[in-house]
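The structure appears below as structure tokens.
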Amino acid sequence: MIDLRILRNQPELARQAQRRRGESPELVDEILAQDEARRTTIAHFEKLRAEQKAMGKEVATAHGDDKAQLLATTRELSTQVKEAEVAQIRAEQALAAAMTRLPNLAAPEAPAGGEDDYVVLEHVGEPRDFAAEGFDPLDHVELGKRLGAIDIERGAKVSGARFYYLTGVGADLELALVNMAMDQARGAGFTTMIAPSLVRPRAMEGTGFLGQAAGDVYHLPADDYYLVGTSEVALAAYHSDEILDADSLPRRYVAFSPCYRREAGSYGKDTRGIWRVHWFDKVEMFTYTTLEDSYAEHERMLSWEKEWLDSLELAYRVIDTAAGDLGLSAARKFDCEAWIPTRGGYGELTSTSNCTEFQTRRLNIRGRFADGVKPLATLNGTLVAIPRTIVAILETHQMADGSVRVPEALQPYLQGRTSLDPIR
RNA sequence: GGAGGUGUCGCAUAGUGGCCUAGUGCGCCCGCCUGCUAAGCGGGUUGAGGUUAAUCCCUCUCGCGGGUUCAAAUCCCGCCACCUCCGCCA
């Protein structure tokens with residue numbers, strides 16, 4: 001949800017933001033028209049309602065013929081008030097519906113265009129040169145089999161395509177990564193959380209996942225619950241309808257949760273292995289802060305993600321996502337893409353978005369400041385999405401003999417193991 | 001799953017159809033008083049929207065949504081949350 005005042009006062013700014021996303025600037029004008037209509041109906045209703053209330057007082061004290069007279073007119077007025085109220089509610093709903101379709105205003109810094117129009121901000125680390133080392137790297141599917149870490153066949157047998165079991169060291173690896181990520185985040189001042197992964201429509205809608213991403217979301221119609229695609233949903237809705245004291249900001253939460261994604265429209269894409277799956281576990285960072293601080297917090301989020309990838313000794317690049325690839329709620333997004341040897345390219349491991357006031361306006365989350373009550377800003381950032389991180393670690397740190405070197409920082413979390421060794 | 005109860009301002013409470021413009025206490029804020037502090041005294045203290053240059057003013061907001069009525073915190077219905085008990089259960 002965007003501040004209506006921005007749309008009223010600087011409509012061209014909003015139109016431009018839409019164009020840079022490759023979306024309709026006309027939506028802005030449609031909203032402004034709805035807003036105009038809404039305000040007209042409000043004025044009409046309030047005038048009648050004030051009149052009704054005034055007459056109501058007279059009725060209370062009137063007697064006999066006077067009272068009968070008043071009741072006649074006030075009865076008529078009552079129906080008018082009801083009609084005016086219905087008109088007002090309709091106009092407000094129409095405006096709200098139009099507003100819901102409007103994505104967050106893309107930041108001026110976000111590159112214009114679609115998925116492929118990202119800007120590379122930096123490269124960190126060197127992709128490993130297997131040719132120079134004299135062997136061909138195996139992909140994570142093969143490595144996972146040999147280590148007894150990933151069982152894709154049985155995942156498919158039990159749950160279908162894009163499911164898997166993590167077994168033995170694979171499962172150990174997940175627990176190690178989760179604990180290590182939680183330690184890093186806790187050290188940075190985050191409050192650790194275990195959040196629900198089943199939420200009501202309000203939480204889903206409020207975080208912006210029932211817009212263009214709705215097809216990617218699992219819905220349980222019998223109970224009208226949604227399975228979250230990220231714990232961002234539960235963390236954003238955590239403070240819904242609350243007013244947070246300014247001196248409690250920034251509030252930083254880090255949550256572990258399973259994530260569920262239908263991956264609609266990705267048929268035939270990344271079908272091999274566990275790169276793209278319907279369910280995975282993730283540790284996600286989430287911050288509530290002021291709009292003014294959100295830009296610096298976004299940089300901090302990114303730096304925490306980089307610290308994480310550095311500690312896993314992965315080579316990666318950071319991209320500034322283009323406006324058209326931001327999703328409904330983000331104003332700006334940075335992705336960290338790790339080098340995946342057998343893909344021969346970079347793949348997204350983490351992502352951090354500044355959603356500015358978009359989610360807090362929808363979820364009614366505000367802060368109490370010296371100069372009044374104002375919406376807050378929210379940011380989210382991946383620390384570790386398990387399957388993709390496992391893919392990157394296995395493929396990057398594999399040795400010629402089929403074993404996998406454990407990065408030093410991870411060793412304490414893996415019972416001190418320095419390598420994962422094939423079991424067959 | 002069944003039965004019963006509760007939901008009012010930051011907190012605690014009053015309020016069973018019009019005198020509620022929601023009272024009172026606590027907390028908080030601003031004054032006054034006062035060697036200092038405390039006490040005392042006076043005033044203020046939900047949020048949203050409309051209108052406005054701003055103030056004033058107006059409307060909505062008593063868990064949420066409907067309904068009855070000229071008029072709803074108050075009566076009726078549905079939903080949600082919490083509490084107690086019964087049943088089932090990791």
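Just so it is clear: chains get the letters A, B, ... in the order the sequence lines come, proteins before strands, and each one is counted from 1.
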With sequence neighbours excluded, tell me which residues meet side chain to side chain donor-acceptor pair (under 3.5 Å) with A:Thr378.
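Partners of A:Thr378 by the side chain to side chain donor-acceptor pair (under 3.5 Å) criterion, ordered by chain and then number, come out as A:Gln359.
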According to side-chain hydrogen bond (donor to acceptor under 3.5 Å, both in side chains), does anything in residues 91-100 of chain A pair up with another residue at least two apart or in another chain? List the pairs.
A:Gln88-A:Glu92
Among residues two or more places apart or on two chains, list those pairs meeting side-chain hydrogen bond (donor to acceptor under 3.5 Å, both in side chains) that have a residue in residues 163-175 of chain A.
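Checked against side-chain hydrogen bond (donor to acceptor under 3.5 Å, both in side chains) - neighbours excluded - the pairs reaching residues 163-175 of chain A are A:Asp172-A:Arg417.
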Could you tell me which residues satisfy salt bridge (Lys or Arg N to Asp or Glu O under 4.0 Å) with A:Arg38, sequence neighbours excluded, listed by chain and number?
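Salt bridge (Lys or Arg N to Asp or Glu O under 4.0 Å) list for A:Arg38, sorted by chain: A:Asp35.
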If a pair satisfies salt bridge (charged side-chain N to carboxylate O under 4.0 Å, His left out) and one of its residues is in residues 350-359 of chain A, list it, with sequence neighbours excluded.
A:Glu357-A:Arg361
How would you list all residue pairs meeting salt bridge (charged side-chain N to carboxylate O under 4.0 Å, His left out) that involve residues 370-397 of chain A, not counting sequence neighbours?
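Found A:Asp371-A:Lys374.
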Distances for protein N/O vs nucleotides 76-78 of chain B N/O pairs under 3.5 angstrom?
none

Is there a donor-acceptor contact under 3.5 Å from the side chain of A:Asp335 to the main chain of A:Glu337?
no
Using a cutoff of under 3.5 Å, can you pull out all pairs of nitrogen or oxygen atoms linking the protein to nucleotides 80-83 of chain B, with atom names and distances?
| residue | atom | partner | partner atom | Å |
| --- | --- | --- | --- | --- |
| B:C80 | O3' | A:Arg200 | NH2 | 2.5 |
| B:A81 | OP1 | A:Arg200 | NH2 | 3.2 |

Pairs where residues 359-391 of chain A contributes a residue and the test ring-ring contact (aromatic ring centres under 6.0 Å, His included) is met, not counting sequence neighbours:
none
If the P atom of B:C77 is compared with that of B:G25, how far apart are they to the nearest Å?
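Taking atom P in both B:C77 and B:G25, they lie 36 Å apart.
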Please tabulate the protein-to-nucleotide N/O contacts below 3.5 Å involving nucleotides 44-48 of chain B, giving atom names and distances.
| residue | atom | partner | partner atom | Å |
| --- | --- | --- | --- | --- |
| B:G47 | OP1 | A:Arg368 | NH1 | 2.9 |
| B:G47 | O3' | A:Arg366 | NH1 | 2.9 |
| B:G47 | O2' | A:Arg366 | NH1 | 3.0 |

N/O donor to acceptor pairs below 3.5 angstrom from side-chain atoms of residues 186-196 of chain A, sequence neighbours left out:
| residue | atom | partner | partner atom | Å |
| --- | --- | --- | --- | --- |
| A:Arg186 | NH1 | A:Asp183 | OD1 | 2.6 |

Would you tabulate the nitrogen or oxygen pairs shorter than 3.5 Å linking the protein to nucleotides 69-74 of chain B?
| residue | atom | partner | partner atom | Å |
| --- | --- | --- | --- | --- |
| B:C70 | OP1 | A:Arg75 | NH1 | 2.4 |
| B:C70 | O3' | A:Ser78 | OG | 3.2 |
| B:C70 | O2' | A:Thr74 | OG1 | 3.2 |
| B:A71 | OP1 | A:Ser78 | OG | 3.0 |

